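See below for the structure under consideration.
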Amino acid sequence: EAEARRNENRVHAILDHAADAIVTVGADGTIQSLNPAGERIFGYAAEEIVGKKAHVLIPFFGTWTSDERGFAPHETMGCRKNGTPIPLEVSFAHASLSAEEMDVLILRDITRRKDMQAQLLHTSKLATVGQMAAGLAHELNNPAAALVRSAVGLRDAIARVADLGLRYDSRLSDEQRPIVKHMQEYLRKRASDGTTLSPLERSDREESLSTWLEDNGIKDGWEMASAL
């Protein structure tokens with residue numbers, strides 16, 4: 001019994017001092033525990049979130065394939081208590097405790113990593129500013145051709161985005177859809193804030209969008225990015 005208490009105290013110490021969020025989820029999809037790092041990342045106290053469905057924290061929970069639920073970490077989006085999205089890296093483990101099955105999710109906030117990647121991308125773009133200027137001059141000399149290409153790209157982009165939306169919507173439960181919709185509305189509002197972008201800023205965002213599209217299974221994302 002004394003050894004069991006020592007082991008339990010050791011586990012609690014690990015959970016309490018871990019830098020990443022650790023969430024345990026029961027077989028029915030409800031959250032069983034959230035460590036202090038998880039409270040800090042998501043903005044919930046453990047007693048607020050225990051007993052709620054896991055998709056409150058991770059809207060796409062339950063939609064991943066068996067490969068995505070393997071041991072290799074992959075990226076997903078989480079949702080803070082205030083409704084703002086947060087980029088995460090998630091790793092899975094499966095455990096049994098007293099004949100009870102559970103998933104253990106280890107979640108890392110990768111906001112800083114994403115910011116650094118954006119900064120590095122911006123820096124690399126500076127090296128090709130001459131080529132961009134030449135390309136821009138070419139487009140300005142051929143406005144009609146540029147408009148036609150943009151129109152075709154926009155048409156294809158709308159079709160592909162609609163297809164992607166239908167594919168993911170079919171994998172979401174009725175409880176998950178409102179959460180995902182809220183995140184979409186938040187991102188749409190941010191995207192339509194009326195900010196005027198310089199050619200270099202526009203190129204940076206097109207590159208980021210292209211990478212995101214291709215990471216989510218859309219081929220030739222670079223062709224769609226400029227239209228979007």
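Owing to the predicted nature of the structure, the values given are computational and were not obtained by experimental measurement.
- Closest approach of Ala18 and Ala37 over heavy atoms only: O-CB, 3.4 Å.
- Taking the salt bridge (charged side-chain N to carboxylate O under 4.0 Å, His left out) definition, one finds that Asp20 meets it with Arg108, sequence neighbours left out.
- Using a 4.5 Å cut-off on side-chain heavy atoms (C-beta onward), Val23 and Ile31 make contact.
- Counting only heavy atoms from C-beta outward, the side chains of Met77 and Pro87 approach each other to under 4.5 Å.
- Pairs of residues two or more places apart, or lying in two chains, that qualify as side-chain hydrogen bond (donor to acceptor under 3.5 Å, both in side chains) and include a residue from residues 45-56 are Glu48-Lys81.
- Taking the side chain as every heavy atom from C-beta outward, Glu75 and Lys114 approach each other to under 4.5 Å.
- Counting only residues at least two apart or in different chains, salt bridge (charged side-chain N to carboxylate O under 4.0 Å, His left out) contacts with residues 84-97 comprise Glu89-Arg113.
- Between His74 and Phe92, the angle of the ring planes stays under 30°, which puts this pair in the parallel group of the 30/60° scheme.
- Side-chain atoms of Val25 and Phe61, non-hydrogen and from C-beta on, do get closer than 4.5 Å to each other.
- Residues Ile110 and Leu88 fail the side-chain proximity criterion, which asks for heavy atoms closer than 4.5 Å.
- At a threshold of 4.5 Å between non-hydrogen side-chain atoms, the residues Ile106 and Val90 do not count as touching.
- Using a distance-only test at 3.5 Å, with no hydrogens or angles considered, a donor-acceptor pair links the side chain of His94 to the main chain of Met102.
- Screening residues 25-39 for side-chain hydrogen bond (donor to acceptor under 3.5 Å, both in side chains), with sequence neighbours left out, gives Thr24-Ser33, Asp28-Thr30, Gln32-Glu100.
- Looking only at side-chain heavy atoms (C-beta outward), Ile58 and Thr76 come within less than 4.5 Å of each other.
- Looking at residues two or more places apart in sequence or on another chain, you find no side chain to side chain donor-acceptor pair (under 3.5 Å) involving Arg40.
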